[in-house]
Every structure is written in structure tokens, then in C-alpha cells.
There are 2 protein chains.
Amino acid sequence: MEKSQDALVLLRQIIRATDLHDKHLSRMTGLTMPQLMTMQTLRINGPLTIGMLAKEMNLAQATVTSILDRLERKKLVRRERSNTDKRKVLACPTEEGLELLKSAPATLQDTFIRQFEDMPDWEQSMIVAALEHVSHILGAHHLDAAPMLDIGALDRTTETRPPEYLRDTGDHHKN
Amino acid sequence: MEKSQDALVLLRQIIRATDLHDKHLSRMTGLTMPQLMTMQTLRINGPLTIGMLAKEMNLAQATVTSILDRLERKKLVRRERSNTDKRKVLACPTEEGLELLKSAPATLQDTFIRQFEDMPDWEQSMIVAALEHVSHILGAHHLDAAPMLDIGALDRTTETRPPEYLRDTGDHHKN
DNA sequence: TTCATTGCTTCGCGTTGCAAATTAATTAAC
DNA sequence: GTTAATTAATTTGCAACGCGAAGCAATGAA
């Protein structure tokens, strides 16, 4: 059957596009992708314990610890011990960290939303229905997911500027 | 608008599902994801020079060199100098390497294809049309992409290269 | 008190990923 | 035909990932 191949290629294209955009964001913010991912997760969920953060990102706790070390050094994240249970450590995004995400360049979902909402209502419904179908086929419907296509950034501000203000060690990952 | 949020969540779910499946494949084969990616690219395109391989995967040449070092140590890939231009080095998947990919667990696209082809024709067309729309919105329609959802493993419907040495199952190679 | 569990960090190791420097082969210029 | 520039891959050095195992402190249970 020809159409299933078409569908697969299209899905692959979509995934590839988001991946490339993630790498672009990475360059713009000066953060690595795991670092961006971490900031994004914190922005969405608010302060999380290291364990929760690890689970949320499908990484080992030790991995998250080291990522947080670097984010803390850049003052984008602050560690805070829990009062009720002093074993727990909360990772909190700093003001600076949230600022950084806000100033990230226009995101893929902005583009998507703009064009999507220009479409007639019946077409929107058709796309949602189709995506629902695909998600179900892949057994993905139970996965929790934020309404965003790329790792970083939110908000309307269309500021496209590479930040100079994180200098620590040479951290420019290029990808 | 509510529906654009729905669409974004669904897309994110789909991407997340393929990512999780990739990690599963990685564990099963004993290869890292870049290594799997490399093997997969070679399986699809046949022998490639290091430079082509790097471009295909959006990586620096030096990175690919080191990945190939490890794949060669595992005897999954063989290096071969070009006769016509002795600067060039071709990376060729070995029989063992192709075997490994073949013996990988059932892939996501297998699941997808099976269920997709059970759908009535009009529904298939609807999904392809919707995906086409999304791909276009994201500017992804020009990206070249193989008809597969996960990095590893082969699907028998896509033999772009005739590996005359297929046949047989059951040789699990764990690094 | 004692013991097991939980949550995070530390340590060691291998893998990615890149830029810069290096080597070798090809091509262009003189 | 020698010299110079270009191209292709490797080597080197360095930071970041990613994980398991070991360690430590706080909590909970016996």
C-alpha cells in the first residue's frame, strides 16, 4: 500500500522539523538541549524535586544532578531543600532563567498556531481527528505532553537575540 | 482557540512516543542512539563517505569518525578507501551489522502500517492529507525522510538497496 | 535502638559533539 | 613539474551527557 509509506514519510518530516528547530533554539540560547529541556520542564511544572524531574524527562537521577549543577552555575536554576522532608531538593527556575526562555526566538508552535487558526473550522477538526488517530495507533494517547513543539520558549515576544550574559566556562554547544 | 492546543498536544505525544521507542530499541540492540542512527542511515542509503554520512545526520565529520571507530570495533561497519579518490573513505555496513538491525524487535512503523492498512481508504486519505498540511505548516515538506518512525530496524517494504545477503534469523548480537 | 528505605550526590567510565590542528590526496596555477 | 590551494578524513583536546554503583543523610518501621 502506497499511502502508509506516504504517511510515514510525512510523520518523519514533522519529527525532523521539530528536532532541527530544537537545535536552532539551542544555539540561540547558548544552552545544550538537555539543559533547555530541563528549563522547559521546570517552566511548565514549576519547582520539582530532582527525582520528579528525572522521571519527567526519562533520565537517571544522577544525570539530572549534573545538568542542574551547570544550570545552577549559570544562575538559571536555584536548589532549595524541602522543609517537610529534608532529603528532598527542589529545583526552582530563577527569574533570570524564566527571562531567558521568554527571550528565545519565535517558536515552532507560534508558527503552527498562527497558520492553524487561519484554517476553516472543518479543516482544523479534520487535522485534530487525524492526529488523534495516529497518536492512538502509536499508543501515545496516554503520554502526558505539553502543548508545544519545541523544547524552549513561550510567550509572544519575538525577540531573536543570542544572549551574551551567560559566561562561565566555554559552554557554546553547537549541535 | 481550543483546537490548536489539542493539535499541539497530540503532535507532542506522537513525537514523545517515537522517542521512547528509540530508547527502547537502543537498549535492545546494545547500541547508543547515534550508533543506531548511523547503522540505519547506512542501511537505507548503502555505503556512504564519512562526509556524506555526517551531512545526512546533521553532525560534524569528526563526530561521525569517532562513532564509526566504535562501530568498526564491534564489527558492524567496515571502512573502505575509494579507488578513484583515495581521500575518501566509504563506511559499509557488514553482514553482521545488517543482521543486528534485522533482529531488532518489532518496530513502531510495523505497528503503524498494520493498523493503518486496516483502515478504510477514505480514512487513510484523510490522515495523509492532514499530515501533509501539518508538514507544510512546519516547513518540513522539503526535508528528505525515510518512511520509518524509529531509528533502528528495518521494514521489509522498504528495500531501497538489495542486500543480497539477507535471509536467516536468530543471531542476536549484543555489542 | 536498629534496620531498611528513600532522595540526592559523588565517582568512574564510556559516549557524544565540536573546533582546531594535522595528514594525505586531488586540483589549479604558474 | 613544482608550488599553492582545496578537499577528505583523522587526531587532539575539551565540555557535556548518561548511567550504574557507591556513599551519605533523613525518614520510617521494627
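A note on names: the letters A, B, ... follow the listed sequences, proteins ahead of strands, and every chain is numbered from 1.
- Residue B:Thr65 has a polar side-chain atom (N or O) positioned under 4.0 Å from OP1 or OP2 of D:dT10.
- Taking the six-membered ring for Trp and thresholds of 30 and 60 degrees, B:Phe116 and B:Phe112 have nearly parallel ring planes, at less than 30 degrees apart.
- With D:dG20, C:dT9, C:dG17 as the candidates, the nucleotide lying closest to the side chain of A:Ala60 is D:dG20.
- Of the candidate nucleotides C:dA25, C:dG17, D:dG20, D:dG20 has the atom nearest to the side chain of A:Ala62.
- A:Glu80 places its CD atom 19 Å from the P atom of C:dG7, with the value rounded to the nearest Å.
- No donor-acceptor contact under 3.5 Å links the side chain of B:Arg87 to the base of C:dT26.
- Nearest to the side chain of A:Lys86, among D:dT27, C:dT15, C:dC8, sits D:dT27.
- When each of A:Glu99, A:Arg78, A:Glu72 is checked for a side-chain contact (heavy atoms from CB on, under 4.5 Å) with A:Thr94, only A:Arg78 meets the rule.
- Looking at heavy-atom distances under 4.0 Å, A:Ser66 makes no contact with the nucleic acid at all.
- Whole-Å rounding puts the B:Asp19 CG to D:dG18 P distance at 11 Å.
- Residue-environment remark: NZ (B:Lys23) exceeds the threshold of 12 foreign heavy atoms within 6.0 Å.
- Rounded to a whole Å, the CD atom of A:Glu72 is 9 Å from the P atom of C:dT9.
- Comparing D:dC19, C:dC8, C:dA25 by their nearest atom to the side chain of A:Val89 picks out C:dC8.
- Comparing atom distances between the A:Thr49 side chain and each of D:dA26, D:dA9, C:dC8 picks out C:dC8 as nearest.
- The side chain of B:Arg73 lies closest to C:dT15 when the candidates are D:dT10, C:dT15, C:dG17.
- Look at CG on A:Leu68: it is 15 Å from C1' on C:dT10, rounded to the nearest Å.
- No more than 12 heavy atoms of other residues, nucleotides or ligands sit less than 6.0 Å from atom CE of B:Met52.
- Taking atom CG on A:Asp69 and atom C1' on C:dC11, their separation rounds to 13 Å, with Å as the unit.
- A donor-acceptor contact under 3.5 angstrom links the side chains of A:Ser135 and B:Gln13, judged on distance only.
- Applying the 6.0 Å contact sphere to CE of A:Met119 captures more than 12 heavy atoms from other residues, nucleotides or ligands.
- Here C:dG7 is the nucleotide among C:dG7, D:dA26, D:dT6 with the atom lying nearest to any side-chain atom of A:Lys88.
- In this structure, A:Met52 atom CE and C:dT6 atom C1' are separated by 15 Å, rounded to whole Å.
- Protein atom CD of A:Gln61 is 8 Å distant from nucleotide atom P of C:dT9, rounded to whole Å.
- Heavy atoms of B:Arg79 sit under 4.0 angstrom from primed sugar atoms or phosphate atoms, though from no base atom.
- Nucleic acid contact class of B:Thr84 (heavy atoms, under 4.0 Å, all strands): sugar-phosphate only.
- Distance, B:Leu59 CG to D:dA8 C1': 17 Å, rounded to whole Å.
- Ranked by how close their nearest DNA chain D nucleotide is to the 5' end, A:Asn83 and A:Asn58 are led by A:Asn58.
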